[in-house]
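Some notes on the structure that comes next.
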Amino acid sequence: MHFCIQLHDWFYEETLATVDSASAAARRRKPRDRRRPPSAPPTPSTPSRISTEELVEALRPHLLSPKRMWTLGYPLEIDPNSSKAVVYINPPPRPRPLPATTWDVNAPEFVPGSQGDSGRGSLGSTPRSDSDEEADTVEHLCVRCDKMFRMTREGEYLKDEPCLYHWGRVSGDCRYTCCKSPLGVRGCSSARFHVWSGTRPGMNGPLEGYVRARSPRGGVYAIDTEMCYTTAGLELASIAVIAADGRLVYKSLVKPSSPVVDHNTRFSGIRPRDLARATKTLRDVQNDILGFVGTDTILIGHALDNDLRALKLLHGAVVDTCALYPHARGFPMRRSLRALSEELLGRIVQRGSAGHSPLEDARAAMDLVLLKVHEERANRTRISNQLPMLQPYDPLISAA
Ligand SMILES: [Zn+2]
Ligand SMILES: [Zn+2]
């Protein structure tokens, strides 16, 4: 334990030195890849130093309240010891449509009803239709192309209908970043099936299979997960957990419980051959996580609500970089980890078609949090140094 604290201490020193120089310089210069091994030795002359206890104290004001967690889509426990969760999902923000005069409804590529999306939102499902034929089916909204599609309750598609979608997001000029087509134009990519998120806008639950820590263990960790689309929606496929010193604490591939529809490789980085060698189930990973996460452990992540839903983990002490660095247009808009990482850490993540790396993303989230803590400490020091030296007021001298 003593060794652990010492290791944390010196690494905080090194990490903070790194993010300090990044915060000062990264905003001025073009971002560049600053990836480096996490085990780089500490810089002896670095003045900043923070212990585990100080870090926990510094993070306390940034812990999300239960109300905020609810708004952001975190799973919350229905009642103590029930292990059943409820989740409230906000309707995802939609891009603003182009002015009416720019639409050409006669264009062959025009698809009525298509709103365009990055394919990463959380959209919903309706339980049944009026038709007898469809009474045992569920209607879902495809998170990639926004079309409604039907599945049986056992997870079989009713129609063999391809999904035409844009994998890019919609940029400020209402064009898809994948193909530069204007909003509303038919998708530039295709997949064999539509996919859904596993949740719907509004209240979801009671949800089964959730776990939570039962006793305190301390510690501060950053978590990132990657998910695949299965017939049951998005499911956990990969996880990485790092300590505040950047040390890898846990990493695993995870076998989804339902058949995989799309590995989502562009975003998840998960390839079919990766899941073929996965041996752990969600239940195994939950048990592993609860081996080092306690009730008081602070978990850090970017849009950590997604990760905790995928992990089916109920946890009350969380710091979310989405809330720490809010979008200029406010919630439900969120800044991407990629943008925050480039702008504030001068580090490029999530580039290329190989997909995200949970380890890289967890480190970025941790460093963004350490950067915030460091800047707040530096501000406090600056303010206290600027206070004028006050002389004690002596009424006798004033009267004289
Ligand atoms: Zn496109
Ligand atoms: Zn689709």
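Read the numbers this way: they start at 1 and go in the same order the structure lists the ligands and their atoms. Heavy atoms only: backbone and side chains are in, while hydrogens, waters and symmetry mates are out. We count residues from 1, following the sequence as given.
- One distance of note links CG of Asn306 with CD1 of Ile223; it measures 13.0 Å at 0.5 Å rounding.
- In this structure, SG of Cys163 and SG of Cys142 enclose an angle of 110° at the Zn ion (ligand 2), rounded to 10°.
- Take the Zn ion (ligand 2) as the corner point: the lines to ND1 of His194 and to SG of Cys145 open at 100°, to the nearest 10 degrees.
- The N, O or S atom of His166 lying closest to the Zn ion (ligand 1) is ND1.
- Salt bridge Asp320/Arg68: absent, no basic N to carboxylate O contact under 4.0 Å.
- The neighbour count for Arg214 CZ, taken as heavy atoms of other residues, nucleotides or ligands under 6.0 Å away, is above 12.
- Taking the six-membered ring for Trp and the full ring otherwise, the centers of Tyr229 and Phe193 sit at least 6.0 Å from each other.
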